[in-house]
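Numbering of residues begins at 1 and proceeds along the displayed sequence. The structure displayed is predicted, hence computed values, not measured ones.
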Amino acid sequence: TAGAVYHDDLGLEAERCKFKYYPRDVWLCLLAAEWRKVADEEAFVGRAGQLLDRMLAAVGLDRASPDPAASVYITNVMPWRPPGNREPEPAEIAMMQPFLARHVELVDPDLIVLMGNTACAAALNTRGITRLRGSWATAFGRPALPTLHPANLLRTPINKRLVWADLLELRAKLNAL
């Protein structure tokens with residue numbers, strides 16, 4: 001259980017830590033913030049997950065695909081949601097960085113997509129997703145593309161055009177592999 005790991009209040013409400021099976025030879029790792037609920041067995045469930053699936057499908061990707069060129073491995077910065085549904089604090093993100101780096105190393109993706117500020121804070125040590133999005137960076141020794149989180153698109157639909165441009169850039173980079 002995650003109950004043995006505490007950082008201030010971070011682990012107090014955690015019931016279990018989430019990791020999942022990953023396919024071999026995955027080309028793309030999508031990094032997000034944290035699990036929404038302990039009961040969720042997959043990252044990105046609900047409306048944000050449905051939107052993400054449509055976004056991925058629009059550029060020929062599918063989180064359930066057995067084909068490494070089309071599959072997407074999704075993981076999270078935080079293995080559980082911080083208390084009170086708050087944003088993870090910088091110290092909490094820093095605490096998880098070594099685990100996240102090892103996780104990415106084990107999955108060994110060719111590219112990483114950083115979805116939102118928490119993912120950028122963990123992988124790039126900076127925030128400001130509207131400034132960072134759409135420009136390639138390096139995270140964990142791999143090319144990484146920051147973009148907006150699907151939850152942002154549900155709140156602000158006009159941002160979908162920005163993410164569409166990011167997805168086209170991602171598709172072009174995948175095609176070049």
Side-chain angles (χ1 to χ4, degrees), residues 17-23 26-82 84-88 93 96 100 103-104 107 109-124 126-137 139-140 142-175 177:
C17 185
K18 301 278 186 142
F19 291 99
K20 69 176 250 182
Y21 163 81
Y22 60 91
V26 67
W27 289 12
L28 178 65
C29 175
L30 195 147
L31 179 60
E34 65 282 305
W35 294 92
R36 296 297 299 163
K37 299 183 289 193
V38 171
D40 294 343
E41 293 301 324
E42 287 287 328
F44 285 102
V45 297
R47 290 178 53 222
Q50 292 166 3
L51 177 57
L52 176 64
D53 288 340
R54 290 192 307 272
M55 291 164 51
L56 294 173
V59 291
L61 299 170
D62 181 350
R63 63 169 115 185
S65 176
D67 177 8
S71 68
V72 178
Y73 176 74
I74 302 174
T75 193
N76 297 288
V77 172
M78 307 299 294
W80 56 82
R81 188 77 176 157
N85 205 28
R86 65 171 166 73
E87 288 283 316
I93 293 170
M96 298 310 298
L100 185 58
H103 196 139
V104 170
V107 174
D110 293 295
L111 304 175
I112 300 173
V113 173
L114 304 171
M115 304 216 71
N117 266 322
T118 301
C120 289
L124 303 175
T126 189
R127 298 177 69 86
I129 189 61
T130 55
R131 175 181 40 85
L132 296 168
R133 65 138 295 276
S135 297
W136 287 95
F140 308 109
R142 294 161 173 79
L145 181 65
T147 193
L148 300 171
H149 193 285
N152 174 286
L153 305 180
L154 292 172
R155 289 188 306 270
T156 314
I158 195 165
N159 287 342
K160 289 180 181 180
R161 64 184 172 77
L162 300 173
V163 174
W164 177 243
D166 296 346
L167 291 171
L168 293 176
E169 175 64 28
L170 172 65
R171 182 73 262 169
K173 192 87 149 180
L174 285 167
N175 288 344
L177 293 177

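Closest heavy-atom contact between Val107 and Tyr73: CG2-CE2, 3.5 Å. Of all heavy-atom pairs between Ile93 and Arg127, the closest is CD1-NH1, 4.5 Å. The minimum heavy-atom distance between Leu145 and Ser135, with the atom names listed, is CD1-N, 3.9 Å. Contact record, Leu28 with Pro109: C-CB, 4.1 Å, taken as the closest heavy-atom pair. Minimum heavy-atom separation, Leu100 to Asn76: CD1-O, 4.0 Å. Taking both residues in full, the closest heavy atoms of Gly60 and Ala70 are given as O-CB, 3.7 Å, listed atom of the first, atom of the second, then distance.
Using a 4.5 Å heavy-atom threshold, the side chains of Met115 and Pro150 count as touching. Between Val72 and Asp62 the shortest side-chain heavy-atom distance does not fall below 4.5 Å. Side-chain contact between Leu162 and Arg133: present, with at least one pair of heavy atoms (C-beta onward) separated by less than 4.5 Å. When side chains are defined from C-beta on, Leu61 counts as touching Leu174, because their heavy atoms get closer than 4.5 Å. Val77 has its side chain out of reach of Pro88: every pair of non-hydrogen atoms, C-beta onward, lies at least 4.5 Å apart. Counting heavy atoms from C-beta on, the side chains of Thr126 and Leu132 come closer than 4.5 Å.
Atom OG1 in Thr130 sits 7.5 Å away from atom CG in Leu148 (nearest 0.5 Å). To the nearest 0.5 angstrom, Cys29 atom SG is 11.0 Å from Asp110 atom CG.
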Go through Leu124 and Leu114 one step at a time and tell me if the side chain to side chain contact (heavy atoms under 4.5 Å, CB included) criterion holds. CA-CA 9 Å; Leu124 303 175; Leu114 304 171; 3.7 Å; yes
Residue pair Trp27, Leu111: steps toward the side chain to side chain contact (heavy atoms under 4.5 Å, CB included) verdict: CA-CA 6 Å; Trp27 289 12; Leu111 304 175; over 6 Å; no
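For Thr156 (side chain) and Ile158 (main-chain N/O), no donor-acceptor pair under 3.5 Å exists by modelled atom type. Side-chain atoms of Asn117 come within 3.5 Å of backbone atoms of Ile129 as a donor-acceptor pair (strictly under, hydrogens ignored).
Centroid-to-centroid, the aromatic rings of His103 and Phe140 stay 6.0 Å apart or farther.
Annotation for Arg171: atom CZ counts as buried by contact number, over 12 foreign heavy atoms lying within 6.0 Å.
Under the side chain to side chain donor-acceptor pair (under 3.5 Å) criterion, the residue pairs touching residues 142-152 are Asp108-Arg142, Thr147-Asp166, Asn152-Asn159, with sequence neighbours excluded. Here ring-ring contact (aromatic ring centres under 6.0 Å, His included) pairs that include residues 155-175, with residues two or more places apart or in two chains, number zero.
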Could you pull out every donor-acceptor pair under 3.5 Å between side chains of residues 48-58 and any protein atom, sequence neighbours left out?
from	atom 1	to	atom 2	distance (Å)
Asp53	OD1	Arg63	NE	2.8
Asp53	OD1	Arg63	NH2	3.1

